[in-house]
Each structure stands twice: as structure tokens, then as C-alpha cells.
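Have a look at the structure below, then the notes.
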Amino acid sequence: MKTASSFVMLLFTAGTVLAQVKQDPIQAADLKRDLYRMADDYFRGREAGTLDELKASVWLAEEARKAGLEPAGEDGTYFQFFPLIRERVSTRSTITIGSRSFVLWKDAIVYEPSFAAVHAPLVFVDDPATVTDAAVNGKVVALQFSDKGINDPRVHVPMRYGAIVISFWAKKLAAKGAKAIVFVSDDLADKVWARGSEYANRGSYQIEGSLFHRQLLNGIPIIWLKKEALDLVRTPNQQVDAQIFSENFTYPSVNVVAKVKGSDPKLANEYVLFSGHQDHDGVRNITPGKDSIFNGADDNATVSVALLAIGRAFHQKPGKRSALFVWHGAEERGLFGSTWFADHPLVPREAIVAVLNGDMIGNNAPDSAALLGVVPPHRSSADLVNIALRENEKGLRFKLDTAWDKASHPEGWYFRSDHFPYAKKNIPALFFSSLPHPLYHTPGDEAASINIEKLTKITRWMYATGFAVANAAQRPRLEPGFQLER
Ligand SMILES: [Zn+2]
């Protein structure tokens, strides 16, 4: 009975295929489709506080609704809005050295917002390490960029050079009585000047209760000029006249919040929180004529679409505990969405049993990944770490990097994503990442650069970890004496 037996075989094969599809609710095709949409130029880089971030948030909420997730934001919506306070240097500001006037952002960066009227003589300093207080007190101090005397290894990362050199010298010179500090580029600083201008012109951001204060100096202007100004600032006996104004305003950023209710009547009151951020760096004209949209495909469209996929999986098959999904806003401006949610949680804070955060999970070597929150003092819960490591061992078998989790790592990577405000409130937390790469925070971080297979695998890992936590008999215990160094 050949026909019949092949028919049986066919049924059997079809059944196996169906069973396999069912077994793996996280599908690469879904992730790829969503990633290409979210990292499209249409969302213009999703900068916090802009309509672009709101547009991306509305898209995410709509996708969450389609995935079968319930709204868990405020007033029955998917949204939790919060006020983002922004202060920036006003273009009314004027800077004159000798007889030359500088145009803000075009040939002069005012590094951070301030209010100041400066009318003082200029002194050029060759070696800021040895200059005396008397030489700079009451004057505008000019110096050229250099890595000399700076031990921080990040000083050699071009993208970091400006900020590291400025923060190293600005405070020291201000303490000696400088009225303003003028940094003039060397070759390397000149290469990153346009980028510096595009970041500084945004100003600084705060929310009530924020964990970071980014202002270096209060009221003493820090000015960064291009290398072409070097001869001018070296010319003796010059006067600096500068009027620096700032302006501030408040506008909304938003967290998108959704959930899948747990199947156990009692445990459904507890939540496994899946976390990512939906914002990125917007539009910045760093190289004229080149791509100006920072699509943030890896950072952090990868995790945003991973959360949608994990949401679909939980909707298909809920855990005993509930799954809560938070796409945080304004992460790039200072972890503001997560700081806000941790301060104003929409479920009781003690009901959050674990935070599984991801940031950038689709780049670097296909078999490598990092799990942060594993190495003490960042290990908030050994129970949670063991679940995640066990799920990795079951088959994904990423080679796990541990260096970036260490307290001694110069990048302080553990502190730079959305699990941190939760861990700070003693909620067990893990951070999944495939770590930075050359396209990090550049317009080149586009969907085409993402390894979809790797994205799929890390998404499966986050899902498997969360599903195991959702079904565990006991919630993960906080590490006794857990205390972060920041
Ligand atoms: Zn990020």
C-alpha cells in the first residue's frame, strides 16, 4: 500500500513540521520584517523628545496590540509619558576673540549650557599641568587638545577624545580661577569637531530624579574651537568678549508599556519585566552630503523588535507569572525612561521579580554575546544568573564575554543601559548585549548591518530566560548585601 503509506508519511512529516513551528515561537522572519521597519529612515532616528520618537512609540504600541499584548500604560493606554527637561545654549550667544567673531556651532562649540558674560584677557597655556593659579586667575584660558598626562585608555577612541580631554582639564582650570576655557583642536580633535558640535548643540537633558548630572562646570563657559583658530589664540594681549545665553524647555518623552497576564491566579500578580529602549540619536549633519540619519538598527531597534517577538510568544503560551514589556524612551539622553518607570512603576515595584534588559543584540561575532549583571558587584541575583546561563547551555551556547561586566572595565558598560535604574532599586536584573562595534552611534548602524540569525538567537535566549523565571516555583532572590558601586 504504497500510496497509503506515503500519505501517512506525508501526514507524519507535516505534523513534525507543524510541531517544530510551534516549538519555536521566535521567528527570524518576524524579527527581520520589524527591524527593517523600525530602523527605516521614516522614523528619522527616533530622537527623544521629538515627534520622531513619538511616531516610533505609536508604531510599537500598534505592533504590541497586534501581537495580542494588553495595554499596561496609564489610563488604559500603552503609554507612560514623562517630562523631559532640556537646556541648550541659545544661538543669541556671541563670542569674540580679538577682532574675530565666532559663529556658534559653525566655528565654535559652547560645550554645555550656561549663562555668562565674559570680558577678560586671554592667556594661552602650553602645559595646563604646570600652570600656576596666578597665571590663569581672572583670565580666559586657551589650550590645545592633547592626550598628554591623561591615563584614561578611552582617550584614544576618536569618538571619545573630545569629551575626555575637556572633562580632564576643564574642572582643574576652573578651580584655578579661569573665567572661561577655550580648547583648540589638534588634528584628531579637528576630525571629531563636527560630531562634537552636533552633540553639544542638543544641550543637556534632565528629568526629575535623574541619576546623572552631566554638567561639568556651573556658569564657566567651555568653548571648543577648530584647529584653524590656533594662531589667533596664541597671539598675545588679546581680549575675549563672550555673552553666553541658554534656554530651557520641557517636552514629552514616553515609555510604551504592555503585558501578557500570567496563567497562575496567584503568580499572575508578579511580573517578569522585559526591557529595551526605542529612542536613538535622531538626525545629525556630521559629514555634509553624507547620511545624516542615525537609524539605531542595533541600538536599539534589535531589542525593540525582540520584545515584540517575545510578546507574541508569551501571548501564544503565557507563563505562570505575568510578562511586562517596557520600551523605554530617552535612554540615549541619560536612561530617563527607565529611571522614570523605576520611580513611577505602573505595577507595584515589589511585584517585579526580574528585569531582563537588552541593548544592541545583533552585531559582532555570530557566536559571541555578553551577559552583564553576572560578575560581582553587578550580580544582583545568583538565581537569575543561573537561569540565564542554564538556558544558554541548553543549545544556544554563546561564548560569553565577561570583561565588560567587570567593575574595572573603563567603559562602565554595566551602567549604560536601562536595567541599571531597576538594579539600583534592588530588583534582580540582567543585561543582554552583543557589545559595541565600529558602527555604534554612527549613521551606519542600519538594518542591513544586523546579523538576523544572531538577533534571533539572543531573542530566543532572552525569551527562554524570562519564560523560565515566569514559571519558577520561587522568584529569584536578591544577592545578600547587593550594592552597586555607582
Ligand atoms: Zn542603546
Side-chain angles (χ1 to χ4, degrees), residues 72 209-212 255 257 259 262 264 266-277 303 307 310 314 319-326 328 331 335 337-359 370-393 400 402 404-409 412-433 461-486:
S210 68
L211 298 171
F212 299 103
N255 294 324
V257 193
K259 70 176 177 188
D264 181 288
K266 196 159 161 274
L267 294 177
N269 295 320
E270 296 183 346
Y271 295 85
V272 179
L273 192 159
F274 291 92
S275 154
H277 71 88
V303 174
L307 263 52
I310 295 167
F314 268 89
K320 288 180 181 167
R321 292 185 174 82
S322 297
L324 187 66
F325 299 86
V326 188
H328 297 101
E331 187 269 358
L335 312 185
S338 49
T339 301
W340 188 265
F341 196 91
D343 277 345
H344 308 89
L346 297 175
V347 300
R349 193 184 294 124
E350 53 289 355
I352 304 171
V353 304
V355 171
L356 303 179
N357 176 54
D359 204 343
L371 183 67
L372 294 96
V374 172
V375 180
H378 301 159
R379 187 169 65 200
S380 52
S381 166
D383 292 346
L384 184 60
V385 168
N386 290 340
I387 289 172
L389 294 180
R390 199 178 66 217
E391 292 302 328
N392 183 44
E393 281 309 304
L400 296 183
T402 50
W404 288 69
D405 195 17
K406 291 195 175 126
S408 57
H409 196 286
W413 196 241
Y414 177 83
F415 296 97
R416 287 168 52 187
S417 194
D418 288 319
H419 56 287
F420 171 44
Y422 297 96
K424 216 166 153 62
K425 294 204 184 287
N426 285 340
I427 300 170
L430 285 175
F431 171 20
F432 297 76
S433 179
W461 185 22
M462 288 181 73
Y463 166 62
T465 303
F467 195 70
V469 174
N471 290 304
Q474 300 297 326
R475 59 191 285 170
R477 287 164 299 179
L478 188 75
E479 208 69 356
F482 171 65
Q483 196 177 11
L484 294 171
E485 74 266 28
R486 288 189 201 170

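Scope of the values below: all heavy atoms of this structure, side chains included, with no hydrogens, waters or symmetry mates. Since the model is a prediction, treat every value here as computed from it, not as a measurement.
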With the side chain counted from C-beta on, respond yes when Phe420 and Ser338 share a heavy-atom pair under 4.5 Å apart, and no when they do not. no

More than 12 heavy atoms of other residues, nucleotides or ligands under 6.0 Å from CD of Gln483: is that the case? no

Strictly by modelled atom types, are Ser417 and Asn357 linked by a side-chain donor-acceptor pair under 3.5 Å? yes

Kindly give the heavy-atom pair with the smallest separation between Met462 and Gly358, and that separation in Å. CE-N, 3.8 Å

Quick one: closest heavy-atom pair of Lys259 and Phe325, and the distance? CA-CD1, 4.3 Å

Would you say Ser322's side chain and Ala268's backbone share a donor-acceptor pair under 3.5 angstrom? yes

Using 0.5 Å steps for rounding, measure from the CG atom of Asp405 to the CZ atom of Phe431. 9.5 Å

Rounded to the nearest 0.5 Å, how far apart are OG of Ser433 and CG of Leu371? 10.0 Å

Looking at Phe274 and Ala323, what are the two nearest heavy atoms and their distance? CE1-CB, 4.2 Å

Exam field: side chain Ser381 to backbone Leu478, donor-acceptor pair closer than 3.5 Å: no

Just by distance, do the side chain of Arg349 and the backbone of Ala342 share a donor-acceptor pair under 3.5 Å? yes

Side-chain heavy atoms of Leu356 within contact of Leu273, under 4.5 Å: no

Centres of the His378 and Phe415 rings: under 6.0 Å? yes

Do Asp359 and Glu331 have side-chain heavy atoms sitting under 4.5 Å apart? yes

So how far is it from Gln474 CD to Asp383 CG, rounded to the nearest 0.5 Å? 9.0 Å

Decide if atom CZ of Arg390 counts as having more than 12 heavy atoms of other residues, nucleotides or ligands within a radius under 6.0 Å. yes

Trace of the side-chain contact (heavy atoms from CB on, under 4.5 Å) decision for Val257 with Leu324: CA-CA 7 Å; Val257 193; Leu324 187 66; 4.0 Å; yes

Which distance, rounded to the nearest 0.5 Å, do you find between the OG1 of Thr339 and the CG of Asp418? 7.5 Å

Among Phe432, Phe341, Tyr414, find the one that has a ring pair (Phe, Tyr, Trp, His ring centres under 6.0 Å) with His419. Tyr414

Ring centroid separation for Tyr422 and His328, is it under 6.0 angstrom? yes

Please answer whether the main-chain N or O of Val326 pairs with a side-chain N or O of Asn255 as donor and acceptor at a distance below 3.5 Å. no

Could you check Phe482 against Asn426 for side-chain contact (heavy atoms from CB on, under 4.5 Å), going step by step and ending with a plain yes or no? CA-CA 8 Å; Phe482 171 65; Asn426 285 340; 3.5 Å; yes

Output the distance between atom CG (Leu384) and atom OG1 (Thr465), rounded to the nearest 0.5 Å. 8.0 Å

Would Tyr463 and Phe314 satisfy ring pair (Phe, Tyr, Trp, His ring centres under 6.0 Å), going step by step from the backbone distance to the final call? CA-CA 9 Å; Tyr463 166 62; Phe314 268 89; 5.6 Å; yes

Do any N or O atoms from the side chain of Glu479 and from the backbone of Ala382 form a donor-acceptor pair under 3.5 angstrom? yes

Counting C-beta onward and ignoring hydrogens, is there a side-chain heavy-atom pair between Ser380 and Ile427 closer than 4.5 Å? no

Worked check of salt bridge (Lys or Arg N to Asp or Glu O under 4.0 Å) between Lys425 and Asp343: CA-CA 9 Å; Lys425 294 204 184 287; Asp343 277 345; 3.0 Å; yes

Taking the side chain as C-beta and beyond, is there a heavy-atom pair between Asp264 and Arg321 under 4.5 Å? no

Partner of Leu430 by side-chain contact (heavy atoms from CB on, under 4.5 Å), out of Val385, Ile387, Leu372, Val469: Val385

Between CD1 of Ile352 and OH of Tyr271, what distance do you get to the nearest 0.5 Å? 9.5 Å

